[in-house]
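Before any comments, here is the structure.
Numbers for residues simply follow the sequence, beginning at 1.
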Amino acid sequence: KHIGQHLGVDVVPYGFHPHVSIEECPYISERTRFAALKPVFEAERGFAAWGQSSSVQITLDGKTMDDSFGAFKLGLLLQPVAAAMYANSPFSVGEDSGYKSWRRQNLLALDSPYYTVPDKLFDKDFTLQDWAEHVLHVPMSFVVRDDHYIAVAPKPFIEMIGKPLPELAHLPLEEQYLCKADLLDHTTGIKPEMLFKPNQLLEFRAVDLGPSPASWMSLGAFWVGLFYDKDAFKAAQDYVADWQQEERIAFRNAVAKDGL
């Protein structure tokens with residue numbers, strides 16, 4: 001707040017810019033990643049979902065990859081709960097959007113493999129290996145060379161293994177091929193409501209920016225209490241165990257409109 005006053009700007013505590021269009025919204029980027037990904041967002045008509053929105057994100061870790069993957073599956077099921085509790089983006093271009101979370105509605109409208117997960121993910125027999133197979137077939141969006149993000153054609157990662165990337169033709173031949181670091185970066189470009197990283201980190205992404213620092217901090221307490229307490233975690237697993245696909249989808253979609 002003090003910095004904003006010094007610069008002559010204000011901070012609006014909403015999950016989506018309440019009164020300007022994406023064309024009017026200032027775009028500030030000091031990283032080549034956003035410059036590289038902006039055409040990707042625009043091509044899928046999703047730039048407004050990122051360029052006008054703001055969220056509170058929490059990152060937790062797991063003991064093992066299998067533990068983290070189990071937490072990832074549970075966390076995805078519960079993201080709509082948190083989104084409903086913290087819905088805070090009712091306005092768009094100066095008007096009531098008709099949604100409790102217009103930010104969430106914009107994200108749900110993105111029909112892209114970067115933001116969706118397989119329907120079978122929540123089956124009991126869907127394993128970490130199955131998720132890895134899914135990740136390899138998600139189209140690429142960028143690679144990093146010399147700390148610069150370079151947009152690449154949206155071809156499945158697995159199809160480009162062992163092949164030089166045309167977008168890297170200006171580099172030495174050995175740098176034109178995919179490597180382990182590229183696969184790790186690729187996983188960060190897959191952004192459903194919760195991000196599962198290879199280093200066993202879980203990134204909770206569904207919540208709108210809240211009205212106060214107390215609201216932001218309470219979100220951390222909410223997820224820590226559920227995921228680091230064994231009894232709470234098991235109770236949550238039992239609670240969602242019999243949810244059917246139709247119920248999950250209806251619940252996920254209704255939250256943007258109705259909140260709690």
Going by distance alone, is a donor N or O of one side chain under 3.5 Å from an acceptor N or O of the other, for T188 and D185? no

Between the side chains of S218 and Y86, does any donor sit under 3.5 Å from an acceptor? yes

Could you tell me whether the side chain of [Y] reaches within less than 4.5 Å of the side chain of [X], counting heavy atoms only?
{"X": "S89", "Y": "Q105", "result": "no"}
{"X": "F233", "Y": "L74", "result": "yes"}
{"X": "H137", "Y": "P113", "result": "no"}
{"X": "N106", "Y": "S53", "result": "no"}
{"X": "L78", "Y": "W223", "result": "yes"}

State, to 0.1 Å, how close [X] and [Y] come at their nearest heavy-atom pair, and which atoms those are.
{"X": "D242", "Y": "E247", "answer": "O-OE1, 3.8 Å"}
{"X": "G98", "Y": "K257", "answer": "O-NZ, 3.1 Å"}
{"X": "A256", "Y": "L108", "answer": "CB-CD1, 4.2 Å"}
{"X": "S54", "Y": "Y14", "answer": "CB-O, 3.9 Å"}
{"X": "S112", "Y": "T116", "answer": "O-OG1, 3.2 Å"}
{"X": "S92", "Y": "S97", "answer": "CB-CB, 4.2 Å"}

Could you tell me whether a side-chain N or O of [X] sits under 3.5 Å from a main-chain N or O of [Y], the two making a donor and an acceptor?
{"X": "K163", "Y": "E159", "answer": "yes"}
{"X": "E167", "Y": "A153", "answer": "yes"}
{"X": "Q79", "Y": "G75", "answer": "yes"}
{"X": "W131", "Y": "L121", "answer": "no"}
{"X": "K155", "Y": "M140", "answer": "no"}
{"X": "H134", "Y": "D130", "answer": "no"}
{"X": "Q200", "Y": "G62", "answer": "yes"}
{"X": "E175", "Y": "H170", "answer": "no"}
{"X": "D238", "Y": "A235", "answer": "no"}
{"X": "D208", "Y": "S101", "answer": "no"}

Within one Ile-Leu-Val-Met-Phe-Trp-Tyr cluster: [X] and [Y], side-chain cutoff 4.5 Å:
{"X": "L110", "Y": "W102", "result": "no"}
{"X": "V56", "Y": "M194", "result": "yes"}
{"X": "L209", "Y": "F16", "result": "no"}
{"X": "Y99", "Y": "V255", "result": "no"}
{"X": "L178", "Y": "L171", "result": "yes"}

For F204 together with F222, are the ring centres under 6.0 Å from each other? no

Nearest-0.5 Å distance that lies between atom [atom1] in [X] and atom [atom2] in [Y]:
{"X": "R205", "Y": "I58", "atom1": "CZ", "atom2": "CD1", "answer": "12.5 Å"}
{"X": "S141", "Y": "H186", "atom1": "OG", "atom2": "NE2", "answer": "7.5 Å"}
{"X": "C179", "Y": "E174", "atom1": "SG", "atom2": "CD", "answer": "11.5 Å"}
{"X": "L183", "Y": "I158", "atom1": "CG", "atom2": "CD1", "answer": "10.0 Å"}
{"X": "T187", "Y": "D182", "atom1": "OG1", "atom2": "CG", "answer": "11.0 Å"}
{"X": "K197", "Y": "T59", "atom1": "NZ", "atom2": "OG1", "answer": "5.5 Å"}

Angle class for the [X]/[Y] ring planes (parallel below 30°, perpendicular above 60°, tilted otherwise)?
{"X": "H19", "Y": "H17", "value": "perpendicular"}
{"X": "Y149", "Y": "F142", "value": "tilted"}
{"X": "F196", "Y": "F69", "value": "tilted"}
{"X": "Y239", "Y": "W243", "value": "perpendicular"}

For a side chain to side chain contact (heavy atoms under 4.5 Å, CB included) check, start with the C-alpha distance between K191 and Y114, then their side-chain angles and the critical distance, and finish with the verdict. CA-CA 6 Å; K191 299 181 179 299; Y114 300 120; 5.7 Å; no

Verdict with supporting geometry, L60 and Y228, side chain to side chain contact (heavy atoms under 4.5 Å, CB included): CA-CA 9 Å; L60 303 179; Y228 285 174; 3.4 Å; yes

Would you find more than 12 non-hydrogen atoms of other residues, nucleotides or ligands less than 6.0 Å from [X] atom [atom1]?
{"X": "L7", "atom1": "CG", "value": "yes"}
{"X": "M217", "atom1": "CE", "value": "no"}
{"X": "H6", "atom1": "NE2", "value": "no"}

After noting the C-alpha distance and the side-chain angles of R252 and I249, does the key distance pass the side chain to side chain contact (heavy atoms under 4.5 Å, CB included) rule? CA-CA 5 Å; R252 181 194 68 194; I249 294 174; 3.8 Å; yes

In terms of side-chain geometry, is the basic nitrogen of D123 or K73 positioned less than 4.0 Å from the acidic oxygen of its partner? no

